[in-house]
Peer 1: 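Provided herewith is a single structure, encoded as structure tokens, for subsequent inquiry.
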Amino acid sequence: MNTLPTLNSDSDLPKWQQPEKVAGWFFLAGLAGTAVYFWGRILPFLVDMVFDTVKLGIGLGVLFVLFLVLTNKRIHAGLWYAGQRILRTAAGIFVNTDPIGIMEDYISNTEKEARKMDAEVGHIEGAHELVKRKLADNTAQMKEYLALADSATRQGEKDASEAYASRAAQLEDYNRRLQPMATTTANVTVVMRQILKAALRQIDGSKFKVGLLKDEYQLVKRTSSGMRAAMNILRGDPDKKYFFDLATDRVAQDMAQQLGQIKQAMRYSQEFVKEMDIQNGVMSEKGQRLLEKYQKGDFNAVLNEKPQAQQSILATKKASDDAYSSLLD
């Protein structure tokens, strides 16, 4: 029997020649390209949203910190004492804030000025010695000129005698003008030496006084530290007392809240107990009535009522079954 030749199905073709698979690949490629395109469009928005969210969180955190700083008394006190400590530390870097240190710095500066004054007195004494030497030299030179003038006069040299005499007169005028300077330098040297001695005595007295004050100050500080500890026990440290009062108020508020909850629970429990007492009283009355019926011999009549209830239940069930069976018919 001859059979008809069968047509080649699509499954016998190569994959790249099957139209539905080629279309599927093109569809998937289009979907992938579309997803990449829209992802490129959405990605900047997502990045901006993430960074904006982070900025929003940081801004809210800063606002919350500012709110605490403006409203929390504990933070106010902490910032106040921290600011005082920072300012004192910064002032201590540039300026000596210790009173004993201030006095010691003053004495040290006074000693430096005294040393400078001693050096200046030495310079003045040196200038006085130069003036004295200059006067002596001029006097010797003047005597020499006068001797030369006298010799020229005896020899009949009038011009030379007048020249030597004129030079002697100039030196005499020079010495007359230098003499007040010599007297002044001598007097200034004496006065400055006296001032320097008085300054040195004052410096020694100041050193003794500062040393005494330093010892007394150290003793008073130690005594005050001990008394401060005692007063902190008796009166309480103001800073710690402030936080103690805050803690006391917080504990009082918590206790008041908890006492309110306890009272509310007691009211609920009291109402529950009353309700239970009422129910127990009702059940007790029912029990007493049952007991009286049992003692009178009427308890069997009460028990006979239960089968009737069961019979009524069975009758109701049978009626419902009949109703369902009628529906099925």
Peer 1: Would you give the length of the straight line joining atom CZ of Phe208 to atom CG of Leu213, rounded to the nearest 0.5 angstrom?
Peer 2: 10.0 Å
Peer 1: Taking all non-hydrogen atoms of both residues, which atom of Ala114 and which atom of Leu196 are closest, and how far apart?
Peer 2: O-CD1, 3.5 Å
Peer 1: When rounded to the nearest 0.5 angstrom, what distance separates CG in Asp118 from CZ in Arg193?
Peer 2: 5.0 Å
Peer 1: Taking ILVMFWY side chains as joined if any heavy atoms are under 4.5 angstrom apart, and letting links pass through other members, which residues group with Met255?
Peer 2: Val251
Peer 1: Taking all non-hydrogen atoms of both residues into account, name the closest pair between Ser161 and Ala149 and its distance.
Peer 2: OG-O, 3.0 Å
Peer 1: Suppose the criterion is side chain to side chain donor-acceptor pair (under 3.5 Å): which pairs have a residue in residues 49-66, not counting sequence neighbours?
Peer 2: none
Peer 1: Remaining members of Leu171's ILVMFWY cluster at a side-chain heavy-atom cut-off under 4.5 Å?
Peer 2: Met142, Tyr145, Leu146, Leu148, Tyr164
Peer 1: Between Arg176 and Glu172, does any side-chain N to carboxylate O distance fall below 4.0 Å?
Peer 2: yes
Peer 1: Given 3.5 Å as the limit, does a donor-acceptor pair link the side chain of Asn138 with the main chain of Lys134, or not?
Peer 2: yes
Peer 1: With the side chain counted from C-beta on, respond yes when Glu113 and Asn109 share a heavy-atom pair under 4.5 Å apart, and no when they do not.
Peer 2: no
Peer 1: Please round to the nearest 0.5 Å and tell me the distance separating atom CD of Gln261 and atom CG of Leu259.
Peer 2: 9.5 Å
Peer 1: Roughly how far, to the nearest 0.5 Å, is CD of Gln253 from CD of Gln257?
Peer 2: 9.0 Å
Peer 1: Does this structure show an ion pair linking Lys132 with Asp137, if we count only N-O contacts that are shorter than 4.0 Å?
Peer 2: no
Peer 1: Between Thr223 (side chain) and Leu219 (backbone), is there a donor-acceptor pair under 3.5 Å?
Peer 2: yes
Peer 1: Determine whether a donor-acceptor pair (N or O, by modelled atom type, separation under 3.5 Å) exists between the side chain of Thr189 and the backbone of Thr185.
Peer 2: yes
Peer 1: Nearest 0.5 angstrom please: Gln170 CD to Arg167 CZ, how far?
Peer 2: 8.5 Å
